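Note that this is a predicted model, so its numbers are computed, not measured. Worth knowing before you read on, the calculation uses all heavy atoms, side chains too, and leaves out hydrogens, waters and symmetry mates.
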Amino acid sequence: GAGVSQSPSNKVTEKGKDVELRCDPISGHTALYWYRQSLGQGLEFLIYFQGNSAPDKSGLPSDRFSAERTGGSVSTLTIQRTQQEDSAVYLCASSLDPGAGTEAFFGQGTRLTVV
Amino acid sequence: AQSVTQLDSQVPVFEEAPVELRCNYSSSVSVYLFWYVQYPNQGLQLLLKYLSGSTLVKGINGFEAEFNKSQTSFHLRKPSVHISDTAEYFCAAAGGTSYGKLTFGQGTILTVHP
């Protein structure tokens with residue numbers, strides 16, 4: 001496909017379990033972002049990967065959250081010991097060259113529900 | 001650090017009326033500015049962006065925005081809205097030490113009534 005692909009689209013998990021969310025960016029895009037969208041919280045930045053540079057992890061809310069990007073392509077966001085407040089839509093986006101102002105293309109998101 | 005403020009959380013409007021969605025940003029350096037739209041149960045889609053040059057930017061679906069440096073604003077406008085414009089609109093900024101990090105406003109829900 002031509003767009004950013006995220007899987008799963010929906011995930012229901014029990015409190016305390018670990019979850020992995022996957023993002024396939026657009027081919028050739030060097031930048032990849034994760035955002036979290038909660039009701040009343042807008043879009044919260046989580047982490048940003050740009051090429052081979054160290055990722056900007058400044059938005060990760062706690063050490064239970066981590067992300068990696070393998071081979072400069074696919075990314076996985078991992079949430080350990082999930083809590084109910086982690087329930088949200090997790091959005092992934094990719095961009096060709098953000099320094100030049102190219103826009104970020106967003107996936108459809110993964111809706112995470114922690115019960 | 002930069003921040004983006006969308007001044008209205010909800011804007012109701014009648015079909016064919018004009019609309020303005022307000023956005024202010026704060027940054028001590030130059031920024032790129034974006035407006036995204038999110039239709040119900042869908043991802044975000046770019047409406048328009050400002051990088052430099054002309055302060056009036058035209059986007060898709062008849063939307064336009066004007067960059068005002070002195071007022072640090074980037075308001076979105078449409079002269080005549082349609083029912084199909086009902087969606088949530090997000091203003092975003094990138095710049096400073098990291099042009100890659102998009103900072104979003106809280107969003108404005110535009111509801112167009114018949």
Which atoms of [X] come close to chain B, meaning under 4.5 Å heavy atom to heavy atom: side chain ones, backbone ones, both, or neither?
X	value
A/E103	both
A/E44	neither
A/A31	neither

*asked:* Run the side-chain contact (heavy atoms from CB on, under 4.5 Å) test on B/F104 and B/C91 for me, step by step, so that the C-alpha distance in whole Å, both residues' side-chain angles and the decisive distance to 0.1 Å come before the verdict.
replied: CA-CA 6 Å; B/F104 284 86; B/C91 182; over 6 Å; no

Proximity breakdown for [X] and chain A, heavy-atom pairs closer than 4.5 Å:
X	result
B/L46	side chain
B/Y50	neither
B/Q38	side chain

_Sequence neighbours excluded, every pair satisfying salt bridge (charged side-chain N to carboxylate O under 4.0 Å, His left out) that has a member inside residues 102-114 of chain B_ = none

_B/S26 and B/N24 side chains, donor-acceptor separation under 3.5 Å_ = no

*Is it the case that A/Q37 and A/Y35 place a side-chain donor and acceptor less than 3.5 Å from each other?*
no

*asked:* Quick check against the 3.5 Å criterion: does B/D85 have a side-chain atom that pairs as donor or acceptor with the backbone of B/V112?
replied: no

*Backbone of B/F14 reached by a side-chain donor or acceptor of B/H113 within 3.5 Å*: no

*Decide yes or no on side-chain hydrogen bond (donor to acceptor under 3.5 Å, both in side chains) for A/T102 and B/K49, but give the supporting numbers first.*
CA-CA 9 Å; A/T102 60; B/K49 64 182 178 182; over 6 Å; no

*asked:* Clusters formed by hydrophobic residues whose side-chain heavy atoms approach within less than 4.5 Å: which one holds A/I26, and what are its other members?
replied: A/V4, A/F105

Under 3.5 Å, which donor-acceptor pairs do the side chains of residues 53-64 of chain B form with other protein atoms, sequence neighbours left out?
| from | atom 1 | to | atom 2 | distance (Å) |
| --- | --- | --- | --- | --- |
| B/S54 | OG | B/L56 | N | 3.4 |
| B/S54 | OG | B/L56 | O | 3.4 |
| B/K58 | NZ | B/E64 | OE1 | 2.8 |
| B/N61 | ND2 | B/Y39 | OH | 3.4 |

*Residues of residues 80-97 of chain A near chain B, each having a heavy atom less than 4.5 Å away*: A/L91

